Amino acid sequence: MWQYISLSEAIARQRGAMFPWSAVLLGIGVGIYFSLKFEPEMPALATLGLACLFCLLGAWRLPETFSPVAAAGAFIAAGVLIAAGHAHQSRAPVLGFRYYGPVEGRVVTVDRSQSGKLRMTLDNVVLENTSPSRTPKRVRVSLHGDADPDQPSEYAGYLPLLPEPGQHLVLTANLSPPQGPAEPGGFDFRRYAWFQKLGAVGYTRTPVLRIGPVQENGFWLQVNRLRGRLSRVMRARITGEAGAFAAAITTGDRSAMSLETTEALRASNLSHLLAISGLHMGLLTGFVFASLRYVLVLIPGAGLHWPVRKIGALGAMLTGAVYLALSGGNVATMRAFIMVSVLFIAVLLGRRALTLNAVAMAALIVLAINPEALVGPGFQMSFAATTALVFVFGAMRGAGAGDGHLSRIPRILRPVFAVLASSFIAGAATAPVAAAHFNQIAQYGLLANALSVPIMGAVVVPAGVLALLLEPLGLGWPGFYVMEQGVRWILWVAQFVSGLEGAVWKVLTPQAIVLPLISLGALWYILWCGTMRRVGLLAVLAGFFAWSATERPVVLIAQSGRLMGVMTPQGRSISKPRGDGFAARSWLENDGDPAPQDEATLRNGFEDFDEMKGITLAGQELIMVAGRGALARLKSLCSGGRWLFYAGKTDNLPDLEDCNLMTEVRLRQMGSLAFYPNQDGEAGFRLITASEIAGQRLWVPRRRTARRDQ
């Protein structure tokens with residue numbers, strides 16, 4: 001009986017504060033779907049749907065003590081169903097072989113790869129000798145060699161084509177299916193590509209040709225072309241890196257940003273200024289709202305007879321919607337638009353808006369539209385920062401009389417305090433997420449944000465708005481000039497802070513349980529009412545403890561079979577200085593190691609086996625058989641149960657029975673490999689494969705053809 005009374009009292013304390021839990025529970029359901037090692041079959045999903053309806057009925061008819069529990073079950077089940085439904089809806093052909101030949105398609109978007117190369121996404125794709133049912137809906141091609149507009153061509157007088165949305169192009173490209181994780185449990189690009197309906201990725205080194213007229217049919221294609229035109233206007237009026245930065249924060253087009261500037265912004269914790277999110281949306285809509293109010297008040301009699309605040313709110317919402325479309329509609333911008341829309345709707349209704357309920361509403365809408373966003377850093381960092389800011393400032397306003405603690409600060413210093421406090425709170429809230437996804441923490445991020453965010457709000461955004469409004473009249477140059485000065489200051493701060501000693505602290509990638517523990521623990525502490533909220537802090541501490549206990553693989557093998565990484569006291573040693581660069585970079589970043597691949601090669605971590613590199617792990621010899629004469633050496637190396645990793649031709653393989661031979665075909669099925677020594681002094685080692693971790697999901701191919709050349 002006392003358990004029932006305790007449950008009843010605990011739930012009674014949550015009355016009036018339950019709505020934010022709906023977003024948390026829906027997110028748990030989405031997270032459960034993505035954590036499964038198998039794809040739920042339709043009968044299981046139908047059963048879950050019935051369970052969801054049953055829980056909803058229980059939430060309606062059960063006593064108040066148990067109805068919230070039933071509602072929680074309904075939201076969790078709904079999260080699984082929404083994620084599964086969206087995954088099946090995103091089904092599109094995925095290239096099942098390696099392709100080299102002509103590619104025809106229409107440019108949808110243009111951006112830059114992690115290495116800084118220009119790349120384009122094509123739809124309406126046509127591949128030679130490939131049926132439409134097997135042709136990917138979208139492919140992404142990076143421009144190298146003579147196709148790269150950033151590099152001079154070896155052909156005299158030839159200027160590489162600069163791709164723009166709507167162009168109909170033909171090119172010769174190397175394409176392959178989206179690749180799996182660089183190591184077991186790592187980022188799975190196949191899942192990301194599945195939800196983008198991206199069926200193949202690759203590169204071209206030959207000239208790209210435009211055929212036919214520009215195709216502008218389709219709303220988003222027209223929006224992308226408008227984004228391109230605005231981006232070119234920005235870069236024409238503001239030169240150099242400042243113009244590229246201005247284009248990025250205005251339209252989301254980062255194609256002109258240099259890799260050095262991007263790294264400086266990331267190292268100084270200012271990369272969030274590039275991501276069009278809450279800061280940009282809040283500054284823009286706030287500026288429009290205030291400007292409309294002041295302009296209308298200046299009209300005689302308007303302030304007395306017109307609903308000035310409501311007109312300003314409507315104008316700000318319309319501006320936010322246009323900005324959302326022009327920025328490409330990413331998760332952070334969508335969340336920010338929903339947040340400001342809720343705020344201005346509250347203005348229209350005369351109610352308070354900056355509450356956790358508004359954050360929960362934004363999360364529910366985003367998860368309902370794009371449930372896959374939950375596992376990405378954009379969603380996690382965006383909502384972590386927003387939730388922390390609303391909670392902390394709400395607590396400060398609620399403490400004491402009047403404005404609480406804020407009332408004790410002199411009015412003239414409140415903007416300064418708001419900038420510093422916001423930077424600190426948002427930085428602290430997003431630091432674990434950023435460290436887990438990007439393997440680094442910016443040590444001087446508070447300093448950089450304190451020097452840059454006020455300039456962004458007071459100079460860059462207002463000047464940019466005025467410049468774009470006056471540009472059609474030929475009067476935009478004063479706004480562009482002021483905007484340029486503000487942008488150059490921000491870029492100088494980024495370069496200065498990133499150049500300070502110890503500006504970046506590298507950290508290793510945590511095990512999978514860490515971020516859910518920290519996130520759910522923090523949310524429990526924020527949302528739960530009562531003494532049990534301290535349990536959330538214990539969960540956060542448990543998450544950080546699990547992070548500190550994370551074990552990194554002693555040996556890693558790339559899916560290609562051409563790269564091995566061995567952990568040494570100096571860090572991971574890489575088997576070769578070039579090639580398989582993405583895998584090598586991922587391994588080192590996940591180790592929290594700042595060394596580039598060529599430097600990691602110089603570390604002494606390998607043994608010599610008949611001129612082949614290898615390692616002895618727990619009494620077993622693991623050898624990378626590559627280079628000239630690799631096929632001839634296979635038979636002599638195959639003895640004593642050795643593990644041989646061979647990525648060469650398998651047409652004339654000798655009869656090998658005394659070793660474990662891993663060919664390219666087997667590795668393509670198993671994915672990358674990770675070796676761990678057994679614990680508690682047991683002999684041998686543990687082998688974990690990427691396919692074992694990924695499981696049988698929609699985005700994991702069941703069968704691949706080894707190779708196809710056109």
Side-chain angles (χ1 to χ4, degrees), residues 111-118 150 231 234-277 279-280 283 332 377 381 385 416 419-420 422-424 426-428 430-431 434-435 437-464 467 480-507 585 588-589 592-596 599:
D111 62 352
R112 286 193 182 272
S113 66
Q114 192 174 16
S115 63
K117 288 294 183 182
L118 204 66
D150 298 332
S231 179
M234 279 290 180
R235 297 200 302 271
R237 300 295 184 269
I238 303 176
T239 59
E241 286 297 305
F245 183 92
I249 64 174
T250 305
T251 66
D253 176 17
R254 305 187 192 182
S255 61
M257 292 283 297
S258 70
L259 193 60
E260 292 76 13
T261 300
T262 304
E263 288 295 332
L265 290 166
R266 184 177 294 120
S268 58
N269 198 28
L270 292 178
S271 57
H272 67 92
L273 297 181
L274 282 179
I276 299 177
S277 57
L279 176 65
H280 305 71
L283 292 174
M381 294 180 68
V416 178
V419 170
L420 293 175
S422 300
S423 299
F424 176 78
T430 58
H437 286 284
F438 306 119
N439 302 105
Q440 66 180 31
I441 295 177
Q443 301 279 60
Y444 305 112
L446 179 60
L447 172 64
N449 279 274
L451 294 174
S452 301
V453 172
I455 301 300
M456 188 77 176
V459 178
V460 175
V461 171
F480 284 121
Y481 176 80
V482 175
M483 185 182 189
E484 180 178 1
Q485 306 314 307
V487 168
R488 292 194 182 280
W489 167 258
I490 293 173
L491 295 180
W492 180 87
V493 170
Q495 294 289 347
F496 171 74
V497 172
S498 64
L500 295 175
E501 184 177 357
V504 175
W505 176 27
K506 292 290 185 177
V507 296
R585 184 170 59 250
L588 293 168
E589 288 178 351
D593 190 342
E599 290 185 14

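Since this is a predicted model, take the numbers as computed values, not measurements.
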Starting at [atom1] of [X], measure out to [atom2] of [Y] and round the result to the nearest 0.5 Å.
X: Ile441; Y: Gln443; atom1: CD1; atom2: CD; answer: 7.0 Å
X: Trp505; Y: Asn439; atom1: CH2; atom2: CG; answer: 12.5 Å
X: Ser452; Y: Leu491; atom1: OG; atom2: CG; answer: 9.0 Å

Given side chains that start at C-beta, do those of [X] and [Y] come closer than 4.5 Å, heavy atoms only?
X: Ile249; Y: Met483; answer: yes
X: Val493; Y: Leu270; answer: yes
X: Pro377; Y: Phe438; answer: yes
X: Leu265; Y: Met257; answer: yes
X: Tyr444; Y: Leu446; answer: no
X: Gln440; Y: Glu589; answer: no
X: Lys506; Y: Asp593; answer: no

Closest heavy-atom contact between [X] and [Y]?
X: Ile490; Y: Phe245; answer: CG2-CZ, 4.2 Å
X: Ala385; Y: Thr430; answer: CB-CG2, 3.7 Å
X: Ala595; Y: Leu588; answer: O-CD1, 3.1 Å
X: Pro594; Y: Gly592; answer: CD-O, 3.7 Å
X: Ala434; Y: Met381; answer: CB-CE, 3.9 Å

Main-chain N/O of [Y] paired to [X] side chain as donor or acceptor, under 3.5 Å:
X: Trp489; Y: Glu484; answer: no
X: Thr239; Y: Arg235; answer: no
X: Asn449; Y: Asn269; answer: yes
X: Ser498; Y: Ala494; answer: yes

task = With Val487 as reference, evaluate Ile455, Ile238, Val460 under the side-chain contact (heavy atoms from CB on, under 4.5 Å) test and give the passing residue.
result =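 Going through Ile455, Ile238, Val460 one by one, the side-chain contact (heavy atoms from CB on, under 4.5 Å) with Val487 is satisfied by Val460 alone.
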